[in-house]
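Computation of the quantities below employed the complete heavy-atom set of this structure, encompassing side-chain atoms and omitting hydrogens, waters and symmetry-equivalent molecules. Protein chains get the first letters and strands the later ones, always in sequence-line order, with residue 1 at the start of each.
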2 protein chains.
Amino acid sequence: MDKESQVFRALADQNRRILLDLLLESDQSVGDLSDKLTISQPAVSQHLQILREAGLVSHRKEGRQNIYSVDAEPLLSVASWLSKYDAFWDGKLDAFAGLINRKRN
Amino acid sequence: MDKESQVFRALADQNRRILLDLLLESDQSVGDLSDKLTISQPAVSQHLQILREAGLVSHRKEGRQNIYSVDAEPLLSVASWLSKYDAFWDGKLDAFAGLINRKRN
DNA sequence: TGAAGCCATAAGTGATTACTTATGAAGATG
DNA sequence: CATCTTCATAAGTAATCACTTATGGCTTCA
């Protein structure tokens with residue numbers, strides 16, 4: 001499977017997007033993440049593996065904990081793919097540009 | 001399934017992204033699209049149905065042909081979701097902004 | 001050292017996916 | 001009308017998915 005499909009597929013699951021959202025707030029251990037979802041710890045580990053394979057998260061060991069953090073680089077290729085649709089957004093593009101500019105200023 | 005997952009899932013298949021790319025060039029019939037892919041016509045129809053359910057394409061009948069066209073609006077929510085990662089792109093964000101601005105000017 | 005905590009991996013399951021071939025409905029054309 | 005074109009839908013299949021429970025390897029700590 002090509003890398004782009006792998007990234008989209010990783011993002012296609014709600015629990016995985018929640019995991020990314022949680023990691024966006026702060027790096028966290030698997031246990032911390034598990035406590036915040038309604039699925040089992042192994043399920044969380046499996047989702048994290050898929051996110052890892054898509055390059056969207058990385059992890060470091062701290063004692064017996066495994067601390068995960070976001071790695072947003074693959075999303076750049078998603079953004080690049082999206083940019084092909086600029087012409088179709090017309091006026092709405094300004095709203096989009098506003099969205100991506102919001103945090104810059 | 002939530003709408004956002006549906007859009008990501010629709011984009012997670014390479015053939016469906018190719019279909020969108022083709023439709024980005026011009027509105028086309030199912031037969032035209034079929035000729036350009038290596039899968040069967042029913043497979044193309046099935047992919048188009050998934051894209052329709054995600055709101056990414058629409059179609060109009062012209063005689064016995066079914067002409068499909070891109071409907072990019074759902075991609076705005078993808079773009080909005082992506083914007084949460086601005087802070088993680090740091091310097092790379094400029095490249096991203098360049099990408100989305102390219103076609104504007 | 002031994003018990004407990006943290007986490008990945010294994011194995012099993014039902015649901016979904018992405019295709020195929022077969023078919024039939026609806027519109028154009030002789 | 002009879003036929004051909006275009007396309008969606010049906011049915012079947014092998015592969016993949018998202019979970020579960022069970023287990024065991026490390027690490028920490030009493």
Undergrad: Test A:L56 against every option in A:L75, A:L48, A:L19 by the side-chain contact (heavy atoms from CB on, under 4.5 Å) rule and name the one that passes.
TA: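 Considering A:L75, A:L48, A:L19, a side-chain contact (heavy atoms from CB on, under 4.5 Å) with A:L56 is found only for A:L75.
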Undergrad: Counting any heavy atom closer than 4.0 Å, what does A:Q41 reach on the DNA or RNA strands: base, sugar-phosphate only, or nothing?
TA: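 Base contact - A:Q41 has a heavy atom under 4.0 Å of at least one base atom.
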Undergrad: Looking only at atom types and distance, does a side-chain atom of A:R52 sit under 3.5 Å from a main-chain N or O of A:V57, one as donor and one as acceptor?
TA: no
Undergrad: Any side-chain N or O of B:S40 below 4.0 angstrom from OP1/OP2 of C:dT20?
TA: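 For C:dT20, OP1/OP2 do have a side-chain N/O of B:S40 under 4.0 Å.
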Undergrad: For A:N15 and D:dC19, is the shortest distance between a side-chain N/O and OP1 or OP2 below 4.0 Å?
TA: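 So the side chain of A:N15 is within the cut-off, an N or O lying under 4.0 Å from OP1 or OP2 of D:dC19.
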Undergrad: How long is the line joining CG of A:D35 and P of C:dC7, in whole Å?
TA: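 Between P of C:dC7 and CG of A:D35: 10 Å.
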Undergrad: Could you give the CG-to-P distance, from A:L48 to C:dC6, as a whole number of Å?
TA: 16 Å
Undergrad: When you get a sec, tell me which of D:dC19, D:dC7, C:dT20 is the closest nucleotide to the side chain of B:I39?
TA: C:dT20
Undergrad: Across the strands shown, which category fits A:R16 at heavy-atom distances under 4.0 angstrom: base, sugar-phosphate, nothing?
TA: sugar-phosphate
Undergrad: Using whole Å, what does the distance between atom C1' of nucleotide C:dC6 and atom CD of A:Q28 come to?
TA: 15 Å
Undergrad: Looking only at side-chain N and O atoms, does A:S45 offer a donor or acceptor that is under 3.5 Å from a partner on A:Q41?
TA: yes
Undergrad: Are A:R9 and A:M1 side-chain neighbours, meaning at least one heavy-atom pair lies under 4.5 Å?
TA: yes
Undergrad: Using only side-chain N and O atoms of A:R9, determine if any of them is under 4.0 Å from OP1 or OP2 of D:dT16.
TA: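 It does not, given that no N or O in the side chain of A:R9 lies less than 4.0 Å from OP1 or OP2 of D:dT16.
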Undergrad: How many whole angstroms separate atom CE of A:M1 from atom C1' of D:dC17?
TA: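 A:M1 atom CE is separated from D:dC17 atom C1' by 12 Å.
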Undergrad: For DNA chain C, please output the secondary structure as dot-bracket, reading 5' to 3'. Pairs are Watson-Crick or G-U wobble, both atom distances under 3.5 Å; mark crossing pairs with [ ], other-strand partners with |, unpaired with a dot.
TA: ||||||||||||||||||||||||||||||
Undergrad: May I ask you to evaluate whether A:N66 reaches the phosphate of C:dA8, defined as a side-chain N or O under 4.0 Å from OP1 or OP2?
TA: yes
Undergrad: Is it true that a side-chain atom of A:Q14 and a backbone atom of B:D2 form a donor plus acceptor pair closer than 3.5 Å?
TA: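 Checking the backbone N and O of B:D2 against the side chain of A:Q14, no donor-acceptor pair under 3.5 Å is found.
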Undergrad: Tell me: CG of A:D13 to P of C:dT16, nearest whole Å?
TA: 13 Å
Undergrad: For A:L23 and A:Q28: C-alpha separation, side-chain torsions, deciding distance, then whether side-chain contact (heavy atoms from CB on, under 4.5 Å) applies.
TA: CA-CA 6 Å; A:L23 292 174; A:Q28 294 180 56; 4.1 Å; yes
Undergrad: Atom CG of A:L37 and atom P of C:dC7: how far apart are they, to the nearest Å?
TA: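 Those two atoms, CG and P, are 14 Å apart.
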Undergrad: Hey, quick one: are B:L37 and B:L11 part of the same hydrophobic cluster, counting side-chain heavy atoms closer than 4.5 Å, chains of contacts allowed?
TA: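 B:L37 and B:L11: one cluster.
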Undergrad: Heavy atoms only, 4.0 Å cut-off, all strands: where does A:S29 land among base, sugar-phosphate and nothing?
TA: sugar-phosphate
Undergrad: Give the nucleotide from the list D:dA18, D:dA8, C:dA8 with an atom nearest to the side chain of A:I50.
TA: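 Among D:dA18, D:dA8, C:dA8, the one nearest the side chain of A:I50 is D:dA18.
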Undergrad: Mapping B:Q49 and A:P42 to their closest nucleotides on DNA chain D, which lands nearer the 5' end?
TA: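 Nearest nucleotide further toward 5': that of B:Q49.
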Undergrad: A:Y68 has a side chain; which of C:dA8, D:dC7, C:dT20 sits nearest to it?
TA: C:dA8
Undergrad: For the side chain of A:S34 and the backbone of A:G31, is there at least one donor-acceptor N/O pair under 3.5 Å apart?
TA: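 Side chain of A:S34 to backbone of A:G31, a donor-acceptor pair under 3.5 Å: no, none is there.
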Undergrad: Distance alone, cut at 3.5 Å: any donor-acceptor contact between the side chains of A:R60 and A:Y68?
TA: no
Undergrad: Tell me the interatomic distance from B:Q65, atom CD, to C:dT29, atom C1', rounded to whole angstroms.
TA: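 Result: 15 Å.
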Undergrad: Polar pairs (N or O, both sides) under 3.5 Å between protein and nucleotides 27-30 of chain D?
TA:
none

Undergrad: Same hydrophobic cluster for B:V7 and B:I50, using side-chain heavy-atom links shorter than 4.5 Å among ILVMFWY?
TA: no
Undergrad: Quickly work out the B:H47 NE2 to C:dC19 P distance and round it to whole Å.
TA: 4 Å
